[in-house]
Structure formats: structure tokens, C-alpha cells
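Please read the structure below before turning to the comments.
We count residues from 1, following the sequence as given.
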Amino acid sequence: MQKIGRNDPCPCGSGKKYKKCCLVRSWTPPGREEFIKSKLLQEILAFVRRNYRNRIDDAYDYFWDDFDPEEYLDAYSFSLADINFWEWLVHDWEPEEDNGKTPIELYMESARGLGPEDKKVLLRMNDAVISLYEVQEVFPEEGLLLKDLLLGGECYVRERAATRSLRRWDIFATRLLRLDDNIIMSGCIYPYSRTHKEPMINYLKKCFNSYRKDFPESTMREFLKRCSDVFNYCWYENIRRPFRPILMTTSGESMVFSHALFTVNDKDSVLDGLGKMDELDEGEGGVFNWLDAEKEDGTATILGVIRIEGSTLRLECNSRERLEQGKAILMERLGGLIIHETDTFQDPYQAIKDMPKPSRKDDSGIPKELEQMLYDQFMRRHYENWLNEKIPALGGKTPLEAVKRPWGKKKVAELLKSIENSEEHRKADGMPWFDTSWLWKRLGLER
């Protein structure tokens with residue numbers, strides 16, 4: 001029988017794609033093998049505590065290295081970390097005195113009365129490895145379609161609980177097991193931000209290449225089995241030292257909130273001078289937008305904002321370079337009407353951190369339907385413009401230009417995944433959200 005692709009029409013004749021129809025109908029309640037796995041897991045944990053009591057602390061120190069989970073983790077994250085540790089201890093830890101054997105292998109050698117079914121489940125548990133996955137589809141209360149970012153391939157995972165928190169394009173690491181003709185998660189989970197995807201893949205491949213210097217014949221799967229604690233390292237390092245993407249302006253400068261303050265000698269003359277400058281668009285209340293050259297579609301990038309408050313003129317830009325350019329223009333055009341006093345600079349991430357937290361309200365007073373409609377309208381306009389904006393991450397090309405090349409299609413797809421992932425989480429949190437499916441169609445890209 002020919003294999004059915006997940007995007008092919010479902011053979012049942014429903015008219016839906018296979019991935020959204022019969023692919024997920026094979027869900028069955030936990031079966032005998034899953035029950036055996038739960039029983040064996042408890043027996044292996046008891047075996048480890050009984051025979052390696054004095055080594056568990058060493059294993060714990062190895063797993064966490066110099067990271068103190070009690071210092072950095074809240075109660076929920078700590079409980080997750082505890083599950084991850086014991087899962088690693090059972091499946092992948094290798095006590096030094098036992099020739100590289102895992103607790104599962106050691107248990108199999110010592111346990112008496114193991115039946116064929118027990119041994120079959122134990123072998124599957126021992127062979128399973130942790131890998132990095134990207135969520136392709138979420139089937140609520142049924143399961144997930146996952147893509148393996150390291151070993152390749154896609155698989156449907158029967159996991160109801162995870163469908164309540166995971167969203168399309170989320171990135172996480174876990175160990176998958178095939179039991180009772182279903183694929184399930186073994187228990188551990190290491191969640192990551194989408195911004196970690198490419199850095200993590202590159203880091204793990206670099207680690208694999210280093211590992212192969214000592215074990216030239218090893219495969220990626222063998223590396224993941226012997227070095228699975230690397231996923232915990234990536235997880236806690238992102239908590240201790242969060243990954244911060246480099247923020248750039250549309251013209252490619254590093255983004256820094258930059259302000260210049262001037263003393264105004266003659267406010268009326270300054271307002272008159274600003275009003276005559278072609279590059280400024282006058283707003284209300286002594287506010288002027290400093291604009292770049294107009295594009296073919298009639299839009300223009302805002303390079304800075306000028307505000308006049310009493311006897312003070314403030315120039316606000318999002319890069320040091322733009323601030324220097326704006327200061328030079330003001331000093332040239334306004335001459336002795338203003339006196340430069342000081343410049344201040346702030347890192348964008350620090351600015352976000354210092355922002356006061358808004359008080360939470362259950363009801364904003366705006367009907368949900370109206371709030372959703374306004375959000376839709378705003379985001380639609382924003383992304384209509386975005387399609388024609390030159391994006392630094394795309395080598396200064398617009399998304400419509402970039403998708404004409406193979407490398408551009410991949411990069412634009414990753415940008416769309418991040419946008420869609422963010423909107424999916426907004427939807428799950430009960431906030432207004434934006435359907436990005438039209439963006440994929442407009443750019444001629446497949447999800």
C-alpha cells in the first residue's frame with residue numbers, strides 16, 4: 001500500500017488533509033505495554049536507590065553541574081526539573097564502575113522472573129533517546145504531530161495533556177517511546193523559546209562533532225543517548241543567561257534607545273524652524289516625526305521623534321547613529337536657537353525590564369468582539385507593510401523579495417513560524433490574536 005503523506009487528501013473521502021483527519025483517529029487508551037512500563041519504572045527506581053544510594057548525589061551534581069535549581073527555579077519549574085533528573089538517571093546515567101551500562105541494563109541483568117513482555121518494554125526504554133522537536137500540528141485532547149530537528153522525520157505522538165499547553169511551532173526536547181503501537185512521551189520535557197531553535201541545533205551539532213573526535217564511528221543517535229544531559233544544560237543556561245536576539249533597526253544599526261536634550265532659547269522660532277524642515281512631519285502638541293525618504297508605496301520609516309516641552313527639546317531615536325545624524329541636522333538648521341545639553345542611552349532589554357507592570361484587570365471595558373476586530377485590523381495593516389519592508393535578518397531584502405530564492409524561503413518561513421507561534425499563545429491565553437495563514441499564501445510558502 002502506498003504511504004499517505006500528511007498533506008495528502010485523506011483516503012476516507014472527508015475532503016480534509018490526512019494530517020487533520022484519520023491520522024489522529026488511531027488514538028487508544030493506555031494499553032498493556034504502557035502499564036508494564038509504569039510498573040518497571042518504579043522497580044528500576046527502587047533498584048537504583050537500593051544499589052546506588054551513595055552515588056545518586058554524584059549523579060545529581062553531574063546533571064546540574066554548577067547550576068543550583070533551587071536558586072533559579074520556581075515551584076512548577078523545579079517539579080519539572082525533578083522529573084527530568086530521575087528520567088535521565090533511569091535511562092541514560094552510566095555509573096562509572098559498571099562499564100558504561102545504564103540502570104535499565106543493570107536491572108535487566110539482576111532481576112529475576114522477567115517475562116518476554118517485560119524485556120521487550122525494557123529494551124525499548126533503553127533504546128529511546130531524547131531529541132529536539134518542533135510542533136507541526138496540535139490536535140486538541142488527542143495528540144501532536146512532531147518534527148525531529150536532529151534525527152529527521154515526523155511522527156504522531158499520543159499525548160493529551162501536552163495538547164493543552166503546547167502550540168504549533170513550539171520547540172522542546174523529550175524522549176519518545178513506542179508502546180502499544182502508539183508513540184508516547186516518556187515523561188521528561190525541556191521547553192525552549194523559538195529564538196533558541198537555530199542556536200541550539202548549531203550547538204548540538206558542534207557537540208556531536210567534538211564527540212566524534214573520540215568516537216569516530218558514532219552516530220547522532222548514539223551521541224544523544226550518551227550525552228542527553230546536554231538538553232538540561234541548554235535548558236538551565238537559558239534560564240540563568242537568557243538568550244537575547246540582537247535587535248537591529250531597519251537600516252541595520254544596533255538598536256539602542258538614544259535621547260538628546262537641548263535647551264530652547266526661543267520656542268516660537270524653534271517651532272517655526274522645525275515646521276519648515278521637509279524631513280519632519282508635524283503632529284500635535286509640539287511633536288515632530290523625523291522621516292526617511294518616502295518609498296514607492298508612499299510609506300516612510302520614522303528615524304526619530306522630536307518633542308518640545310517648555311524650554312526643552314528632546315530628540316528620541318532607536319540607534320546611536322540616527323541620534324548623531326539627527327543632532328547634526330538640528331544644530332545646522334536651528335543654529336543658536338537651541339543648545340545641546342546631554343545624551344542618554346539605554347539598552348532595549350533593560351528598558352523593557354524597567355517598565356512598570358500594568359495592573360491586571362479582568363475586563364478592559366471593551367467588548368471582546370470589538371477588541372478582536374481592532375486587533376485584526378491593526379495587525380493586517382502592519383503585516384501588509386511588513387511584506388515590503390527591508391528586513392536585516394533577510395539580508396536587507398523584503399519578505400516578498402527573499403522568497404524568490406531558496407535560502408530566503410527558509411528564512412522567511414522561520415520568521416512566519418515565530419509570528420504564528422506568538423499569535424497561537426495569545427489565542428490560548430484568551431487575548432486578541434491574528435490569523436497569519438494568509439501570509440503563508442501571499443508568500444507562496446507551505447506550512
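The closest donor-acceptor contact from the side chain of Arg158 to the backbone of Ile183 lies at 3.5 Å or more, if one exists at all. Side chain of Thr219 to main chain of Glu222: a donor-acceptor pair is present (N/O by atom type, distance under 3.5 Å, no hydrogens or angles). Listed for the Gln136 side chain is a donor-acceptor partner under 3.5 Å among the backbone atoms of Glu134. The closest donor-acceptor contact from the side chain of Arg160 to the backbone of Glu141 lies under 3.5 Å. A donor-acceptor pair is defined here as one N or O able to donate and one able to accept, closer than 3.5 Å; such a pair exists between the side chain of Thr174 and the backbone of Cys188. With hydrogens and angles ignored, the 3.5 Å screen pairs a side-chain donor or acceptor of Asn182 with a backbone N or O of Asp180. When atom types are taken as modelled, the side chain of Arg167 and the backbone of Thr163 share a donor-acceptor pair closer than 3.5 angstrom. A donor-acceptor contact shorter than 3.5 Å is absent between the side chain of Lys397 and the backbone of Gly408. Although no hydrogens or angles enter the test, the distance criterion places a donor-acceptor pair under 3.5 Å between the side chain of Asp68 and the main chain of Glu70.
Met277 has its side chain within reach of Ile329: a pair of non-hydrogen atoms, C-beta onward, lies under 4.5 Å apart. Considering only heavy atoms from C-beta on, Leu132 comes within 4.5 Å of Ile171 through its side chain. Considering only heavy atoms from C-beta on, Leu394 comes within 4.5 Å of Pro399 through its side chain. Contact check for Val129 versus Phe223: no side-chain heavy atoms found under the 4.5 Å cut-off. Considering only heavy atoms from C-beta on, Phe172 comes within 4.5 Å of Leu166 through its side chain. Trp169 has its side chain out of reach of Val135: every pair of non-hydrogen atoms, C-beta onward, lies at least 4.5 Å apart. Inter-residue side-chain proximity for Glu384 and Leu387 is flagged as met; some heavy-atom pair is nearer than 4.5 Å. At least one side-chain heavy atom of Leu330 sits under 4.5 Å from a side-chain heavy atom of Leu315.
If you take CE on Met220 and OH on Tyr211, they are separated by 11.5 Å, rounding to the nearest 0.5 Å. The NZ atom of Lys205 lies 12.5 Å from the CE atom of Met200; values are rounded to the nearest 0.5 Å. The distance from the OH atom of Tyr233 to the SG atom of Cys227 is 14.0 Å, given to the nearest 0.5 Å. A distance of 13.0 Å separates CG in Asp292 from CG in Asn289, rounded to the nearest 0.5 Å. For the atom pair CD1 (Ile302) and CH2 (Trp290), the distance works out to 12.0 Å, reported to the nearest 0.5 Å. Here the CD atom belonging to Glu33 is positioned 12.0 Å from the OG atom belonging to Ser38, to the nearest 0.5 angstrom.
Shortest non-hydrogen contact noted between Arg124 and Arg178 is NH1-O, 2.9 Å. Across Thr102 and Val90, no two heavy atoms sit closer than the pair CB-O, 4.4 Å. Here the closest non-hydrogen pair linking Pro191 and Leu80 is CD-CD2, 4.0 Å. Between Leu145 and Glu154, the shortest heavy-atom distance links the atoms CD2-OE1, 4.1 Å. The heavy-atom pair separating Asn126 from Lys225 by the smallest distance is O-NZ, 2.6 Å. Residues Cys317 and Gly304 approach most closely at SG-CA, 4.0 Å, considering heavy atoms.
Using a 30° and 60° split on the angle between ring planes, His196 and Tyr192 fall in the perpendicular class, above 60°. Under the 30°/60° scheme for interplanar angles, the aromatic rings of Trp88 and Tyr62 are found to lie parallel. Using cut-offs of 30° and 60° for the angle between ring planes, the Tyr190 and Phe231 rings count as tilted. Ring geometry for Tyr236 versus Phe67: interplanar angle under 30°, hence parallel rather than tilted (30 to 60°).
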Please evaluate residues His259 and Gln346 with respect to the criterion side chain to side chain contact (heavy atoms under 4.5 Å, CB included), reporting the C-alpha separation (whole Å), side-chain torsions for both, the decisive distance (0.1 Å), and the verdict.
CA-CA 9 Å; His259 296 175; Gln346 188 177 27; over 6 Å; no

Verdict with supporting geometry, Trp440 and Glu420, side-chain hydrogen bond (donor to acceptor under 3.5 Å, both in side chains):
CA-CA 10 Å; Trp440 293 84; Glu420 186 171 359; 3.0 Å; yes

For Glu324 and Lys327, run salt bridge (charged side-chain N to carboxylate O under 4.0 Å, His left out): C-alpha distance rounded to whole Å, both residues' side-chain angles, the deciding distance at 0.1 Å, then the answer.
CA-CA 5 Å; Glu324 289 302 317; Lys327 284 164 54 181; 3.2 Å; yes

Worked check of salt bridge (charged side-chain N to carboxylate O under 4.0 Å, His left out) between Glu87 and Arg175:
CA-CA 9 Å; Glu87 222 258 4; Arg175 187 191 313 271; 3.1 Å; yes

Tell me, with the steps shown, if Ser251 and Glu253 meet side-chain hydrogen bond (donor to acceptor under 3.5 Å, both in side chains).
CA-CA 6 Å; Ser251 47; Glu253 304 114 2; 3.0 Å; yes

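Under 3.5 Å, the side chains of Asn318 and Thr249 contain no donor-acceptor pair of N or O atoms. Thr398 and Glu389 share no donor-acceptor pair across their side chains, judged by distance under 3.5 Å alone. Side chains of Gln372 and Asp376: a donor on one and an acceptor on the other come within 3.5 Å. Between the side chains of Ser131 and Asp148, at least one donor N or O lies within less than 3.5 Å of an accepting N or O. In this structure, a donor-acceptor pair under 3.5 Å is absent between the side chains of Asn238 and Ser193. Using modelled atom types, one finds a donor on one side chain and an acceptor on the other under 3.5 Å when comparing Asp170 with Asn421. The closest side-chain donor-acceptor pair between Tyr375 and Arg426 falls under 3.5 angstrom. With 3.5 Å as the limit, one finds no donor-acceptor pair spanning the side chains of Ser79 and Asp82.
Under a 4.0 Å N-O distance rule, the pair Glu414/Lys417 qualifies as a salt bridge. Note on Glu71 versus Arg240: no salt bridge recorded, every NZ/NE/NH1/NH2 to OD/OE distance being 4.0 Å or above. Salt-bridge annotation for Glu279 and Arg333: present, with a side-chain N of the basic residue lying under 4.0 Å from a carboxylate O of the acidic one. A salt bridge between Arg226 and Glu94 is present, with a side-chain N of the basic residue lying under 4.0 Å from a carboxylate O of the acidic one.
Cation-pi geometry between Arg320 and Phe345 is met: under 6.0 angstrom from the ring centre, within 45 degrees of the axis. Remark: Arg380 qualifies as a cation-pi partner of Trp438 under the 6.0 Å distance and 45° angle criteria applied to the six-membered ring.
Counting non-hydrogen atoms of neighbouring residues, nucleotides and ligands closer than 6.0 angstrom, the CG atom of Asn209 exceeds 12 such neighbours. Other residues, nucleotides and ligands contribute at most 12 non-hydrogen atoms within 6.0 Å of the NZ atom of Lys147.
The only member of Glu423, Lys197, Arg194 that meets side chain to side chain donor-acceptor pair (under 3.5 Å) when paired with Ser418 is Arg194.
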